[in-house]
Amino acid sequence: MTASLRNVITRHNPITLLDSSCSPVTLAHVHQIHAQLLVHGRLNHPLLFVQFLAAVALLSPGNTAPSSPQHRDRQLLLLYSQRLLDYSPHPPTTFALNSLIRAHSRGPDPASAFRFYRRLLCSPDALSPDRFTFTFLVGACGGGGPSSSAAAGAIAHAAALRRGFVSDPHVHSSLIRMYAQFGLLDAARRVYDELPDPDLVSRTAMLGALAAAGDIVLARELFDSMPRRDTIAWNAMIAGYSQVGRSREALELFSSMQSEGVRVSAATLVSVLTACAHLGALDQGRWVHAYVQRNRLRVTVTLGTALVDMYSKCGDVGRGMDVFRRMEEKNVYAWSTAMSGLAMHGAGRECLDLFELMKERGVLPTGVTFVSVLRGCSVAGLVEEGRRHFDSMRDQYGIDPWHEHYGCMVDMYGRAGRLDDAVRFIDSMPIEPHAGAWGALLNACRIYRNVEMGEYAMKKMVETESKNHGAYVLLSNIYAESRNWGGVNDVRESMKAKGVRKEPGCSVIEVGGEVHEFFVGDNSHPRYGEIEVMLREMSRRLRSAGYAAKTNAVMFDIEEEEEEDALRRHGAEVGDRLRADCLGRGREH
DNA sequence: GTAGGGTTAG
């Protein structure tokens, strides 16, 4: 039960039917409380009446599946508070309407917050909006829900401007965040520049806006220029680095944060875990997990999800599932993350079992969930089941498949060797196939050595995305596997002619908490000499154990004699195996 | 009596 509602009951009414541990509060509870308050005549006090109204309105937020009983209850609670307002024995106040605007800003239809704003303006009691009104109203426009819109946000902004509230610190920072949510960086900046000396919160909001727009350099400049930085400001900067994939900088900043003695929060750790997941930095990720346990931090859904993701992406899916099982609350993010981890590690059946469990628990899948479901089917070779799930997306959940889902389906048919079905599937697509769909087909052609269809897929892929080097590399590998060196050469020539460049491959490994990055042919590491000696030794032992490097298909754009050498240092396929076989040993799994 | 900035899945 929320503190505010408890206060209403206990402070003013000694007879309470409710014990403080009974949460969540349902409509039935509210009826009981309402009855008690009425019986004791408490609602005759305007102040208590409006406090009750506000408490009921604010019980409603939360993202629950539309089909769940909690969701219906929450909707009804919102309606209940409106009825309280409609049938109130007291004239409405700005406070009461603010509460409803606020409640709607967190609900499923934030735009309806405007209904109460209008009611405020048109009220016969000459009410006027205050700084709270605009903070809630602007907040209702962002959020990214189905009814949030930048146009509504601009209207709220204009109204706040007309009434002189944009320099209120709360309104100011809400405006910056709202515009940033719509990707309107310039609008956010204009608001920001309006104040000569924005406070810490507005600065942090602007920092976040810059980072979200990808301007991490400016974000860092703002961060460095801040006269004061609290935990949230640090979090915003670390999250910014994590989100744009500058994971090492995220970890570096986290380390400075600690040496400066700034308090670390759960949100900090979530961003740090994202960075660890990106880098495959298992040791650092484990350190974060230990930190959580040592400090007895509550494993919230967000933190738990980040841990599951980190363990899965760093190769320890078992530990990830341990964390997942222990999580108290599991939302669709948590389930999708766990499913993605299982699919990633080839545990397709387990991924699908988890999907069934998730539905049983009343959690509604999203498009992202279905990406994991289809991957699970793909890796487990469950073509028919995959097809059923794919069809259920639209039929049962009203989700129109995205490019990713079509790509997964092609991959599924392709991996199963059903190349003709894959092509038929592409032909039947209601949207224009993207490079990824052709890429999946091309990859299947490589697996099943179908040169002719591979050439066709390559042609289509290049038509869709002329600079996609992946297409060239895949086709070149097909030629290489069939020992068609002329074909390999042709691909190389045509890449040169079209100015397509293959990005140098890059491997990342973490040793003793430090992340090391290696590009193809890169010998700039300070301990390169030692590494080289070790690689030779590993190569020798692998050979004596009967392992033959698969050089024919992997190589691209490298001279034959360099091949095996380069493979040991790098290589998408073989490099990973080397790493898993040799360096990964000794780690606890 | 109400409020703002940072955190999770492809």
Side-chain angles (χ1 to χ4, degrees), chain A residues 4 7-8 11 46-55 57-58 93-103 105 130-139 142 165 168-178 180 192 198-209 211-212 226 229-240 242-243 265-274 277 300-310 312-313 327 329-341 343-344 365-375 402-405 407-408 436:
Chain A
S4 53
N7 283 343
V8 171
R11 218 165 354 112
L47 189 73
L48 186 51
F49 183 88
V50 76
Q51 276 181 333
F52 178 59
L53 184 153
L58 292 172
T93 58
T94 301
F95 176 81
L97 286 156
N98 281 353
S99 304
L100 283 164
I101 293 172
R102 183 176 162 212
S105 77
D130 58 11
R131 57 194 201 283
F132 294 98
T133 314
F134 288 108
T135 307
F136 301 142
L137 198 62
V138 171
F165 286 111
D168 175 83
H170 292 87
V171 178
H172 189 244
S173 52
S174 307
L175 282 167
I176 294 168
R177 186 174 132 83
M178 182 272 293
Y192 183 75
D199 71 2
L200 173 64
V201 178
S202 284
R203 284 174 202 263
T204 308
M206 192 63 228
L207 191 170
M226 283 167 76
R229 291 184 278 260
D230 64 359
T231 295
I232 298 183
W234 281 85
N235 289 354
M237 195 64 236
I238 293 173
S242 271
Q243 285 156 4
S265 72
T268 322
L269 299 178
V270 170
S271 296
V272 170
L273 286 168
T274 306
T300 57
V301 224
T302 317
L303 184 54
T305 304
L307 280 167
V308 173
D309 194 45
M310 179 280 294
S312 306
K313 290 190 176 145
M327 283 170 64
E329 188 194 341
K330 296 183 177 83
N331 61 12
V332 67
Y333 280 78
W335 289 98
S336 306
T337 304
M339 288 168 56
S340 155
M344 204 182 292
T366 66
V368 178
T369 319
F370 275 103
V371 173
S372 297
V373 171
L374 298 179
R375 291 240 165 93
W402 312 332
H403 283 297
E404 284 90 336
H405 301 116
C408 286

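Chain naming here is simple, since letters A, B, ... match the order of the sequence lines and numbering starts at 1 in each.
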Need one value for [X]: base, sugar-phosphate or nothing, where a base atom within 4.0 Å counts as base even if backbone is also close, heavy atoms only.
X: A:Ile176; value: nothing
X: A:Glu329; value: nothing
X: A:Phe370; value: nothing
X: A:Val201; value: base
X: A:Arg203; value: nothing
X: A:Val301; value: base
X: A:Thr94; value: nothing
X: A:Ser336; value: base
X: A:Ser99; value: nothing
X: A:Ser242; value: nothing
X: A:Ala306; value: nothing
X: A:Lys330; value: nothing

Are the side chain of A:Ser340 and the backbone N or O of A:Ser336 linked by a donor-acceptor pair below 3.5 Å?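 Checked: no pair found.
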Heavy-atom check, side chain of A:Ile101 versus side chain of A:Phe134, under 4.5 Å: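 Side-chain contact under 4.5 Å: no.
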Can you check whether A:Leu303 reaches A:Leu273 side chain to side chain, under 4.5 Å on heavy atoms? yes
First and last nt of DNA chain B near chain A, cut-off under 4.0 Å to heavy atoms, 5' to 3', are B:dG1 to B:dG10
Which atoms form the tightest heavy-atom contact between A:Ala338 and A:Val308, and what is the distance?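 That closest heavy-atom pairing would be CA-CG1, 4.0 Å.
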Over all heavy atoms of both residues, which pair between A:Ala239 and A:Ser271 is shortest? Give the atoms and the distance, please.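 A:Ala239 and A:Ser271 have their closest heavy atoms at CB-OG, 3.3 Å.
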Please list, chain by chain and in numerical order, all residues satisfying side chain to side chain donor-acceptor pair (under 3.5 Å) with A:Thr133, sequence neighbours excluded. A:Asn98, A:Asp130
A:Thr366 versus A:Thr369, side-chain donor and acceptor atoms under 3.5 Å: yes
